[in-house]
Amino acid sequence: MIFVGEGALLWRAVQHTLDHNLAVDLVCGPAPAAEAARADVPYRAVADVNSVAAELVAAGTDGVVWSLNNRMIFRAPVLSTGLRILNIHHGPLPAYRGLPEVALVYAMLHGERKFAATLHQVDEGIDTGPTLAADSYPIGPDEPYHVVLRRGLQTCHQLFERCVPLVAADPAWAGEPTPPTGADDGDYFGRKALARLTQHRSHPNFARATDLGFLAGYLPELATALR
């Protein structure tokens, strides 16, 4: 298996895979911080994953690429290699596509009482590929953003833990039936949606939905947009 992404979510998944005696062929992502570098797995630092498509093909032993906390968009030639790219997206699809940290703010502004982690196969769009599995979690009516986000990240990791043995046993695993989200195409919460957040300051849920707490330092783009 190949892993693409960065941060704690990626490295927890790598560690879980190794702990269960599954092969980690390559980890690929931005130049890691010193504390994230590991000697026991090969790492390829790259700004654009599509520039190393041939290396991914050569490294992979099962044709599977996991995308976790990954900001890079898969395009040709990676999508033309035959590799199966599986992404853990923090958000129910197709209702909340785009940047997960932004989508969660809007979900809380919308009064959602639950959110989800979704495993889907990557296609040419952004968060538009077939959904393979999803796990939902509650949003308490008085909970601040930083509490909800931490629960969501834990749900993402648990979804990976649940699905990785299924994919390891069958790289072509077709997934499980998932309930509809209530949206046909959903919405996309990218940087334009991020820039619009301050227009909602009068919303009664705004303070709670933007309370980043101790996570502000880990979400600099969102924190800056909220100033």
Side-chain angles (χ1 to χ4, degrees), residues 1-14 16-17 29 49 64-75 78-79 83-139 143 145 147-190 193-194 209 219 222:
M1 298 180 186
I2 295 172
F3 291 79
V4 177
E6 60 185 306
L9 197 61
L10 171 80
W11 291 108
R12 284 180 66 189
V14 169
H16 178 83
T17 304
V49 67
V64 174
V65 176
W66 286 94
S67 171
L68 299 112
N69 193 33
N70 173 37
R71 293 279 183 160
M72 294 181 284
I73 304 298
F74 290 98
R75 310 235 185 245
V78 173
L79 295 178
L83 292 170
R84 190 182 195 202
I85 304 167
L86 305 178
N87 180 53
I88 298 281
H89 174 75
H90 183 198
L93 295 177
Y96 287 92
R97 299 181 296 115
L99 298 173
E101 65 273 21
V102 178
L104 179 58
V105 175
Y106 279 94
M108 294 178 70
L109 291 176
H110 293 162
E112 301 283 6
R113 287 292 174 260
K114 65 180 181 178
F115 211 55
T118 306
L119 171 63
H120 72 100
Q121 184 168 324
V122 174
D123 63 7
E124 293 81 2
I126 299 177
D127 300 329
T128 57
T131 295
L132 303 177
D135 287 341
S136 64
Y137 66 89
I139 299 176
E143 289 180 328
Y145 177 93
V147 169
V148 179
L149 181 61
R150 287 185 68 189
R151 183 179 301 133
L153 294 177
Q154 182 63 29
T155 302
C156 286
H157 182 67
Q158 291 170 346
L159 179 63
F160 172 80
E161 288 185 334
R162 184 166 71 81
C163 293
V164 70
L166 302 173
V167 175
D170 179 9
W173 177 61
E176 57 194 27
T178 55
T181 64
D184 293 332
D185 299 317
D187 205 348
Y188 181 78
F189 299 90
L194 177 65
L219 302 168
L222 180 56

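Throughout, numbering of the chain's residues begins at 1 and tracks the sequence. Only heavy atoms go into these numbers, but all of them, side chains included; no hydrogens, no water, no symmetry mates.
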Checklist entry - Would you find a donor on one side and an acceptor on the other, under 3.5 Å apart, between the side chain of Thr118 and the backbone of Gly91? => result yes
Next on the checklist: Determine whether a donor-acceptor pair (N or O, by modelled atom type, separation under 3.5 Å) exists between the side chain of His16 and the backbone of Arg12.
Outcome noted: no
Item to check | Residue pair Val78 / Ile85, side-chain heavy-atom distance below 4.5 Å | outcome: yes
Checklist entry - Under 4.5 Å between any side-chain heavy atoms of Tyr145 and Glu101, yes or no? => result yes
Item to check | Charged N-O contact under 4.0 Å between Lys114 and Glu143 | outcome: no
Checklist entry - Once you round to the nearest 0.5 Å, how far does NE2 of His157 lie from CD of Glu161? => result 3.5 Å
Item to check | Gap between atom CG of Leu93 and atom CG of Asn87 - 0.5 Å precision | outcome: 8.5 Å
Checklist entry - For the residue pair Gly29 and Met72, what are the closest heavy atoms and their distance? => result CA-CE, 3.9 Å
Next on the checklist: Has Asn69 got a side-chain atom pairing as donor or acceptor with Leu9's backbone, closer than 3.5 angstrom?
Outcome noted: no
Checklist entry - Between Tyr137 and Ala116, what is the shortest heavy-atom contact and its length? => result CE2-N, 3.8 Å
Next on the checklist: For Met1 versus Ala168, what's the shortest heavy-atom pair and its separation?
Outcome noted: CE-CB, 3.6 Å
Checklist entry - Under 3.5 Å, side chain of Arg97 to main-chain N/O of Ile126, donor-acceptor pair present? => result yes
Checklist entry - Under a 4.5 Å cut-off applied to non-hydrogen side-chain atoms, are Leu86 and Val122 in contact? => result no
Item to check | Where Phe3 and Leu68 come nearest, the two heavy atoms and their spacing | outcome: CD2-CD1, 3.6 Å
Item to check | Minimum heavy-atom distance between Pro171 and Val64, given as atom pair plus value | outcome: CB-CG2, 3.8 Å
Item to check | Stepwise salt bridge (Lys or Arg N to Asp or Glu O under 4.0 Å) test for Asp135 and Arg162 | outcome: CA-CA 10 Å; Asp135 287 341; Arg162 184 166 71 81; 2.9 Å; yes
Item to check | Any side-chain heavy-atom pair of Ser67 and Phe74 under 4.5 Å | outcome: yes
Item to check | Test side chain to side chain contact (heavy atoms under 4.5 Å, CB included) applied to Phe115 and Leu104, step by step | outcome: CA-CA 8 Å; Phe115 211 55; Leu104 179 58; 3.9 Å; yes
Checklist entry - Taking atom CG of Leu119 and atom CG of Leu166, what is their separation to the nearest 0.5 Å? => result 9.5 Å
Checklist entry - How about Trp66 and Phe160: are their ring centres within less than 6.0 Å of each other? => result yes
Checklist entry - Checking side-chain contact (heavy atoms from CB on, under 4.5 Å) against His90, which of Thr155, Leu149, Leu159 comes through? => result Leu149
Item to check | Whether Arg151 side chain and Pro138 backbone form a donor-acceptor pair below 3.5 Å | outcome: yes
Checklist entry - Less than 4.5 Å apart, any side-chain heavy atom of Val4 and any of Val65? => result yes
Next on the checklist: I want to know whether Phe189 and Tyr96 have ring centres closer than 6.0 Å.
Outcome noted: yes
Item to check | Sub-4.5 Å side-chain heavy-atom contact between Pro130 and His120 | outcome: no
Checklist entry - Has the side chain of Tyr188 got a donor or acceptor atom that lies under 3.5 Å from a matching backbone atom of Ala193? => result no
Checklist entry - If you take all heavy atoms of Met108 and Ala209, which pair is closest and at what distance? => result CB-CB, 3.6 Å
